[in-house]
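Beneath this line is the structure, given in structure tokens, with notes to follow.
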Amino acid sequence: MSTKEEQGRIELLQGTLDLLILRTLLLGPRHGHAIAKTIELNSDEVLQVEQGSLYPALHRLIKRGWIAVEEGVSENNRRAKFYRLTGKGRRQLAVETNKWERLAGAIARILRPAE
Amino acid sequence: MWRRNRMLKELEEDIREHIERETQDNLERGMRPEEARHAAMRKFGNVTRVKEDVREAWGFVWLEQLLQDLRYGARMLRRSPGFTAVAVITLALGIGANTAIFSFLDAVLLRALPVAQQEQLVVFQWTAHAKPKFTGRSAYGDCALECELSGPFYETVRAQAKSFSGVAGFAGPLEMDLSGNGAASIAQGEYVSGDYFSTLGVKMMLGRPLGREDDSRSATPAIVLSYGYWQKAFGGDRAAIGRTVRLNNTPVVIAGVAEAGFNSLTPGKTEDFFLPLSLSDRVKSEWWGQPDRYRDPAAFWVLIVGRVKEGVSIAQAQEEASALFRNEMVHGAKPLLKEADEPAIKLAPAAQGLNGETRRIAPMLYVITVAVGLVLLIACANVAGLMLARAAKRQKEMAVRSALGAGRRRIVRQLLTESVLLSMLGGAVGVLVAFWGVQAITKLISSGFDEGFPYVVRLDWQVLAFTIGVTLATGILFGLAPARSGARAELTVGLKENELYVGRGGARAARRLRLGDALVMAQVALSVVVLTGAGLLVRTLHNLHELNPGFDTRNILLFGINPAIAGYKDEQSAQLYRDLREQFAALPGVASASYSEQALLSGGWSGFHVHLDGAPPNTNVSTAVLPVGLNFFPTMGIPVLAGRTFVPADFATASATNGAIKAAEEQGQAGNPTTGRVSQAQAAPIPVIVNEVFARKFFAKEDPIGRHIGNAEHEDEPAKGPQPGYSIVGWAGNTKYDDLRGELRPTMYLPLVENSAHFELRTAGNATALVKLVREVVSRADKNLPLFEVRTQTEQIEASLFQERVMTRLSSFFGLLALALACIGLYGLLSYDVARRTKEVGIRMALGAERNQVLVLVARRGIALVLVGAAAGIGAALGVTRFMASMLYDVRANDPTTIAGVAVLLGLVALAACWIPARRAMRTDPMVALRYE
């Protein structure tokens, strides 16, 4: 993942990037660049993905069968690779989201113990 | 492969396009073109790293790294050809030897029987608490336990047993006189039942198999040739089918030729042709007294093999067969056993039950396998030592790799790949070594088999798989230790230019050297074990050669003549022998001639029971028996200690007595009980000569000359007819009878008046030169009498020592090989040591050390290693050699002389191995050494 630490950027764990990609693709198939931009936009620029690390993550997800790749034409009429969510990926997204929420909740409880 | 390349290319494009798009976006945001591009690339990150990560995600990396390692390893090996050559040759010898021995094990012990679906075949073995009352019993070396049964029982099983889809009977091979195909010759014929070929599933190469119709008294006699005999005696002539030849003067038609792979059901036997069991009454063979052996329920000579039906368990079949056997033995036409003796049949899987010649070879193979395994271990230790030394030189390279980011496991993997590559090379060359080795060993072992080596030893896929397995194991075995120690190289020390290890400096160096020491000590120990085994076998062979068998073994020509095969009756045979003996004795170059039923030291012996006068009734003692002709004792050089040897009158007496006994038996069988004794003149006691053991054992201090020995008395078989017994006329020195190793038996020599004799001619000079003359004499007497087993007595003894000779040669070879390897290992270690410590030696000499002191310094280490290794080796040898005790003769498994001899040999050779590096150290010029970096 990203080894740079600039102001405002927060390091992402590897598994988290996978989760974000899956969620992004829930809205529809996208090509690599678009996925990066969507993540940046939707996180109000807090999460700035080192765009290069997107690609190993994408290939990992393809290998696991959670996303699939197909050729297509992009918005400016150029050929591009589009990634889309598979059924398996959809189910995995639900599982991962659940795990993330439980993790976040647990951390929150520790940081702000009930008084 | 291509998928990978395509994917990587596409990834490049994807990355390019991604950066393009980001650049576009940046331009739209208002950046200047170069700035836009730069920002995009910075945002993307490290392209190389991304590509690497993607490749790793796909798991190609592992394969790529392996290829990389292989290429690099090959380069490194090419760069040090000396090391590579030595290592490959060492490994090739070790792996090749193991492969060769394994292919023998495979052929002799593991290979399947040459029939279809052998798992269903079972062989019949009988058991009982008492011995059945046989009229005759013959075994032909097919199995270890009692597996011969009678002809009528075989037919009962075939007719009545429901558990088998086929039952085959067979016996032999027996020697038969085959004429009608060129000169008359002796061939090996196997009696088989009609359904032998169908039950076993053996196919024909030519013509037709024998069938049920052939196995009957009324059928035209037909035989099937084996492929080998068809090639050898008939030249592979297809017109041989349908020809008629004569077996012991009975005409038979050649009906077919068996397929090429089938020699015999029992492994290790060679059978020239197959003839029906029903021919046994016409093609009489050897010494069968009775006319119809096959029909006699008390003659056990037929083996039975059955194919169990589908769905029937072996236990069920065994029950059925046992019941049939019990019935036959207890209630049959001729009861041979009582119910209480519990006669039963055991069914053994044919592959285990029939082991034939395997029993002879197997123990040898086991011992050699162990020796060869030890040699391989030594070879591995040797190469490990070499690699260890090499790893030390590559410390810098390892340090650089570590600095560049290689993990420890990665380095170990790389080094292991190199060692496996090396062992693969060794294995490839080893296959060539194995090829040559198999041929050499086959030639060595063949001399022990009359008909050539009966097993087919091939380097087939099983053997190849074994080789590959051994090679891989070897590579990992010898590569592991150096790899792990090599990977531990510390950065700082490795990168320094000079390495100065004074004394024990550098923990790692000390550890590495300790490993090297251990390897050399292990090699020395293992080679001590192998050498000790070899030494014991050498002494055994020597002892057997030096053994005095009780007669003069020099210059004796041996050969056999069997007139019964050509139709002679007993009296005719006896007369023939007498005539031939006189003619042989008259030949120029022959000092004296005689004959005996069997040649001494030919592996066989006969014996029976006798009753000593004065012993309680119905108690018998057993004695070995050898019928001999005139002049036997002088010809063989056996001293006659008292009394006399045989004279012609003795033979007449023996003939007459035998005739009277036989007449009485025939009268008895015909139903006329003999009343009153036959006159003494007709049945006088047979004159016999006994040996010392006999005299001492049965007559103690008394003089045996003139004493009488009675025929055996059996409680449940009262004597029918005359029982004249034997009268001792002479007393001779002891000789070994059947083989050199056996103990001396009490022996009784009779006058030979019946069939089957082997002639012994003592010649003045070279025995073999007389063979032609002998043949002429015999063919003048009768053209149809072939000679067989023509050899000299010394050749006979050598043949009987075949196992010992093979073992001695093989074990000596491997022992010396082990010694050579161990010494090369020692030499290598000390050389490396000297080279490494050149600087230290230079300093010592500069500080005033004498050259001799340096010599001692280096040699001391080598000698210490050898001493410790030898001590460990002697300990191991003492523990291991006891397993070979059964092969030794007159030498104990822990014989101190042998061990001392091995230690001395090892010491001398090891000293030489230490000497050379030590002298090199001695010659070090201090100035050069100190300048050496």
Side-chain angles (χ1 to χ4, degrees), chain A residues 1-9 11-15 17-18 21 24 29-41 43 45 47-83, chain B residues 1-31 33-65 403-407 410:
Chain A
M1 246 320 273
S2 163
T3 50
K4 289 197 281 198
E5 271 183 74
E6 289 188 9
Q7 256 182 347
R9 288 207 192 185
E11 263 189 26
L12 276 184
L13 301 167
Q14 194 184 69
L17 182 58
D18 293 353
I21 294 175
T24 309
R30 298 225 150 81
H31 59 76
H33 186 241
I35 297 176
K37 283 184 48 185
T38 310
I39 292 178
E40 281 178 26
L41 259 92
S43 70
E45 308 273 325
L47 298 173
Q48 305 232 356
V49 174
E50 189 177 64
Q51 298 182 338
S53 56
L54 205 60
Y55 285 88
L58 285 169
H59 282 262
R60 262 197 310 273
L61 291 172
I62 295 174
K63 202 161 165 224
R64 292 213 194 111
W66 295 346
I67 65 179
V69 62
E70 49 198 29
E71 298 277 332
V73 182
S74 71
E75 56 274 356
N76 44 2
N77 271 335
R78 281 155 68 176
R79 295 195 46 95
K81 284 242 184 73
F82 279 78
Y83 301 91
Chain B
M1 249 319 135
W2 293 269
R3 209 178 57 150
R4 166 184 168 270
N5 288 338
R6 189 176 49 120
M7 196 215 70
L8 290 177
K9 210 156 65 91
E10 286 182 2
L11 179 65
E12 280 234 23
E13 285 178 19
D14 290 348
I15 295 177
R16 228 177 340 112
E17 289 202 1
H18 184 116
I19 296 181
E20 274 297 315
R21 292 212 178 84
E22 185 68 17
T23 314
Q24 274 300 100
D25 287 357
N26 283 343
L27 284 175
E28 282 163 21
R29 284 193 206 118
M31 290 191 199
E34 318 88 57
E35 216 190 302
R37 193 157 192 88
H38 275 141
M41 289 178 73
R42 229 186 358 212
K43 192 145 191 206
F44 190 82
N46 184 343
V47 174
T48 315
R49 187 78 183 268
V50 165
K51 284 193 198 164
E52 258 186 38
D53 285 349
V54 169
R55 278 153 80 196
E56 191 155 349
W58 278 102
F60 291 144
V61 184
W62 175 86
L63 184 63
E64 284 173 3
Q65 284 180 343
L404 285 178
R410 176 81 185 84

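By convention in this document, chain letters (A, B, ...) are assigned in the order of the sequence lines, proteins followed by strands, and residues within each chain are numbered from 1.
Top candidate by heavy-atom pairs under 4.5 Å with chain A, chosen from Ile15(B), Asp25(B), Val47(B), is Asp25(B). Most heavy-atom pairs under 4.5 Å with chain A: of the set Glu13(B), Arg55(B), Arg21(B), this distinction falls to Arg21(B).
For the 3.5 Å distance criterion, the side chains of His33(A) and Glu22(B) qualify, holding a donor opposite an acceptor.
In this structure, Pro56(A) and Val50(B) have side chains that are in contact, with non-hydrogen atoms separated by less than 4.5 Å.
In this structure, chain B has heavy atoms under 4.5 Å from both the backbone and the side chain of Ala80(A). Contact of Leu11(B) with chain A is made through the side chain alone, with heavy-atom distances under 4.5 Å.
Between the NZ atom of Lys43(B) and the CD1 atom of Ile19(B) there is a distance of 12.5 Å, given to the nearest 0.5 Å.
Using bins of under 30°, 30° to 60° and over 60° for the plane-to-plane angle, the ring pair Tyr55(A)/Phe44(B) lands in the tilted bin.
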